[in-house]
Amino acid sequence: MRKGLKIVLLITLLLVVAATAVFFIVIDKEKESMTANEFCDELEDEGYVIVDVTSQYASYGIDEAYLAVKSNQEYQIEFYELSSVSKAENMFETNKEYFKDRAGSKRVTSSFGFGNYDTYSLTSNGDFMYLCRIDNTLLYIDVEDIYKDE
């Protein structure tokens with residue numbers, strides 16, 4: 001009986017170690033940011049009109065800024081490439097606080113950050129707000145919640 005118990009404990013220990021290793025391998029994946037050109041190309045292929053608004057943001061440490069506007073102009077997706085990761089992190093946190101301040105008492109939020117990226121989403125008062133930062137890039141969406149799935 002003792003030998004059987006030792007075998008069961010050893011197998012259990014090996015399974016725990018293997019599960020822990022798999023967990024850290026899966027969770028430790030960093031995201032790869034897309035370039036401004038990749039963003040523009042991909043969204044143009046999806047039928048969006050791309051507007052270069054870089055000149056409006058140059059004084060804020062933003063190297064490139066683009067709006068992807070749906071052809072019916074009902075909403076837009078904003079993409080920013082900043083001069084550093086720290087500036088992107090600050091922009092993420094500033095906009096996250098802005099979204100929280102605008103939200104009503106009934107809200108649904110989701111937030112995740114790991115490695116080189118952060119995401120935040122908030123749905124409240126008929127609006128859907130979403131931020132995603134990967135390295136020095138930021139995706140910003142603030143639309144009516146009927147466009148959330150798009």
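Just so we're clear, the structure is a prediction, and the values are computed from it rather than from any experiment.
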A side-chain contact here means heavy atoms from C-beta on lying under 4.5 Å apart; do K148 and V143 qualify?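 With C-beta onward as the side chain, the pair stays apart.
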Backbone of [Y] reached by a side-chain donor or acceptor of [X] within 3.5 Å:
X	Y	answer
R102	F99	no
N125	D127	no
T54	A65	yes

Spacing of [atom1] belonging to [X] relative to [atom2] belonging to [Y], to within rounding of 0.5 Å:
X	Y	atom1	atom2	answer
M129	I141	CE	CD1	12.0 Å
Y66	D52	OH	CG	4.0 Å
K106	T123	NZ	OG1	14.5 Å
L82	F92	CG	CZ	13.0 Å

Can you check side chain to side chain contact (heavy atoms under 4.5 Å, CB included) on M34 and T137, steps first, answer last? CA-CA 8 Å; M34 79 178 9; T137 64; over 6 Å; no
Out of F128, Y130, Y147, which residue meets the ring pair (Phe, Tyr, Trp, His ring centres under 6.0 Å) rule with Y75?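 Of the listed options, the one satisfying the test is Y147.
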Check for me whether the distance between the ring centres of Y80 and Y57 falls short of 6.0 Å.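 Close enough - the centres of the two rings lie under 6.0 Å apart.
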Apply side-chain hydrogen bond (donor to acceptor under 3.5 Å, both in side chains) to N95 and list each qualifying residue two or more places apart in sequence or on a separate chain.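 side-chain hydrogen bond (donor to acceptor under 3.5 Å, both in side chains) list for N95, sorted by chain: empty.
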Do the side chains of M91 and Y140 join up, straight or via other hydrophobic residues, at under 4.5 Å, putting them in one cluster?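 Hydrophobic grouping puts M91 with Y140.
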Please list all pairs meeting salt bridge (Lys or Arg N to Asp or Glu O under 4.0 Å) that have one or both residues in residues 58-72, counting only residues at least two apart or in different chains.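 Residue pairs passing salt bridge (Lys or Arg N to Asp or Glu O under 4.0 Å), neighbours aside: none found.
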